[in-house]
Amino acid sequence: MLELATDKVHDETRQGEAFAPFLSDPIAYRKRFYIESYGCAMNFADSEVVASILNKEGFGATRNVEEADLIFVNTCSIREKAEQTVRKRLTEFRKLKKNKPGTLVGVLGCMAERLKSKFLEEEKLVDIVVGPDAYRALPGLVEEAASGQKAINVLLSRDETYADISPIRLNSNGISAFVSIMRGCNNMCSFCVVPFTRGRERSRDADSIIHECRELFENGYREVTLLGQNVDSYYYTGDGSDHADTVTFARLLERVALISPLLRVRFSTSHPKDITDEVLHTIARHDNICKYIHLPVQSGSTRILQMMNRTYTREWYMAKVDRIRELLPGCGISSDIIAGFCTETEEDHHETLSIMEFSNYDYSYMFFYSERPGTLAQRRYEDDVSEEIKKRRLAEIVEMQNRLSLESNKKDIGKTFEILIEGDSKKSDKDWMGRSSQGKVVVFPKENFNLEKGDYVMVRANDCTQGTLLGTIVE
Ligand code: 5AD
Ligand code: SF4
């Protein structure tokens, strides 16, 4: 169930994942760093940028935290639980520091940005605090901390996109990669801490994106996921002197798709208010742009949507889903849903359940509302739905999604899909695992075909579980 979409927002199976070391790296490094990541795909992509910055300065990655001289945690603030997980993890590093004096612990990412120097006061073992726009300063901060001072840089930037940094792909299957195309968010959804932790929206130089994607393709990658908090508002104007240079998200998608028909293109996340017909037409025109859209609804009630500052109504969202179905028949759609936002009634909750049914989501990321300090909702509204009710409503939402996911998979039985092979299935090296354009995980026997990961193959679905289609290769 959790493995449906590659471009998932929060991949639970990856939380706390540590980087793999370079397998056959001949360089003798002066220091070893260990980095563990939490939160969204953007954060995992940022860790790859951090690895690149550190590597240039002579630091080598290790997966073994005990041999690390530098321990980094790239953190998430989106819900309270994400922060608690990080705090707990930090206490485990205390022992390591005791056994190996001189080991430095650095906190990166959204929690560093939210708490700033408070982090150094609250967690005595932390030596370095770095916000998401200050990673270029990391080598200097490490030096500062090594001399015994606490080091901090949480400045947000209006233009940092790390465009020129080639991320180091670790823990990658060698087939699919994330490519960050923009940073920050200007939307101000009232529940969300992101505008405060990641700053203003800015788009990365289009040429640098194309260059990175082309290089990935030349190195054997077959799928890129273009990442941003709000990809549809991507807008790159170069130096602003020539309007002909302006690149919208639709144009960017097209340019990436034109690198090669063998390179699949995905993207995440879309705000329903910003995804345009032009983007939908672009998806329709190119077979290699995946027919899958992550379109977070958050709530099905217009009143709640208004309080969330989502800027669309229930009807407007439903019309958008209809438009997607019209222009892109068979397109996969997934969503993010929050249960128990401030003042939510049973009626509002039922509107959420019914919009899920209407939209027929293939998958959803479902959460109960967690009040975040400093957000508009925290300042304006009372967090007045009890935990018990939030949990019960969330359970009903999860149950609804489980039914929709199973129904969606059942409808695919008998159909044939083009699958990009990602590797062996988890359960058996006699089976391949790959994905359809719609993002569904498909498992099928290798048989005697001479295939490799990264190949495309036609597979007919014969059976399914809630999270996986089971099939056989069609010759
Ligand atoms: N509480 C619960 N869920 C939240 N999200 C963002 N902020 C909160 C919060 N305060 C969810 C939204 C968003 C996803 C990334 O996380 O659904 O789309
Ligand atoms: Fe990603 Fe938001 Fe979490 Fe930051 S707070 S890691 S942007 S999900």
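Numbers here are sequence positions counted from 1. Source: prediction; values computed, not measured. Remember, it's 1-based here, ligands and their atoms both numbered in the order they're listed.
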Would you mind listing which atoms of ligand 2 come within a distance below 4.0 Å of any non-hydrogen atom of Ser77? 3 (Fe), 5 (S)

Before signing off on this row, confirm whether Glu371 and ligand 1 have an N or O atom pair separated by under 3.5 Å. no

Would you say Val65 and Ile71 make side-chain contact, with heavy atoms under 4.5 Å? yes

Any idea which atoms of ligand 2 are less than 4.0 Å away from a heavy-atom of Cys110? 4 (Fe), 5 (S), 6 (S), 7 (S)

Within 4.0 Å of some non-hydrogen atom of Ile338, the atoms of ligand 1 are 3 (N), 4 (C), 5 (N), 12 (C), 17 (O)

State whether the number of non-hydrogen atoms from other residues, nucleotides or ligands found under 6.0 Å of Gln306 atom CD is greater than 12. no

Determine, using ring centers only, whether Tyr235 and Phe249 are less than 6.0 Å apart. no

Can you find a side-chain donor-acceptor pair between Lys150 and Ser117 that sits under 3.5 Å? no

Closer than 4.0 Å to some heavy atom of Arg372 - which atoms of ligand 1 meet that? 10 (N)

Taking only heavy atoms of Arg198, which atoms of ligand 2 are found under 4.0 Å from at least one of them? 4 (Fe), 7 (S)

Does the side chain of Glu48 come under 3.5 Å of the side chain of Ser52 through a donor N or O and an acceptor N or O? no

What I want to check is whether the side chains of Thr375 and Arg379 have a donor and an acceptor closer together than 3.5 Å. no

With atoms numbered from 1 as shown, which atoms in ligand 1 lie under 4.0 angstrom from a non-hydrogen atom of Gln298? 12 (C), 13 (C), 17 (O), 18 (O)

Could you confirm whether Cys76 has any N/O/S atom lying under 2.8 Å from atom 1 (Fe) of ligand 2? no

With no hydrogens and no angle check, do the side chains of Ser370 and Glu80 hold a donor and an acceptor under 3.5 Å apart? no

Check: Ser370 N/O within less than 3.5 Å of ligand 1 N/O: yes

Check: of Gln229, Arg79, Glu80, His271, min heavy-atom distance to atom 3 (N) of ligand 1 comes from Arg79

Decide whether an N or O pair under 3.5 Å exists between Phe191 and ligand 1. yes

Looking at ligand 2, does Gln229 have a heavy atom less than 4.0 Å from it? yes

Polar proximity ligand 1 side, Tyr369 side, N/O cut 3.5 Å exclusive: no

Counting heavy atoms only, name the option from Val194, Asn43, Val193 that's nearest to atom 2 (Fe) of ligand 2. Val194

Is the NZ or CZ atom of Arg372 both under 6.0 Å from the centre of the six-membered ring of Phe367 and within 45° of that ring's axis? no

Does a donor on one side chain and an acceptor on the other come within less than 3.5 Å for Asn74 and Asp46? no

Is Gly109 near ligand 2, meaning one of its heavy atoms is under 4.0 Å from it? no

Please classify the Phe368 to ligand 1 contact at 4.0 Å (heavy-atom distances, strictly less than): side chain, backbone, both or neither. backbone

Under 6.0 Å between the ring centres of Tyr363 and His294? no

Is it the side chain (CB and beyond), the backbone, both or neither of Met42 that lies under 4.0 Å from ligand 2, heavy atoms counted? neither

Tell me whether the rings of Tyr162 and Tyr135 are parallel (<30°), tilted (30 to 60°) or perpendicular (>60°). parallel

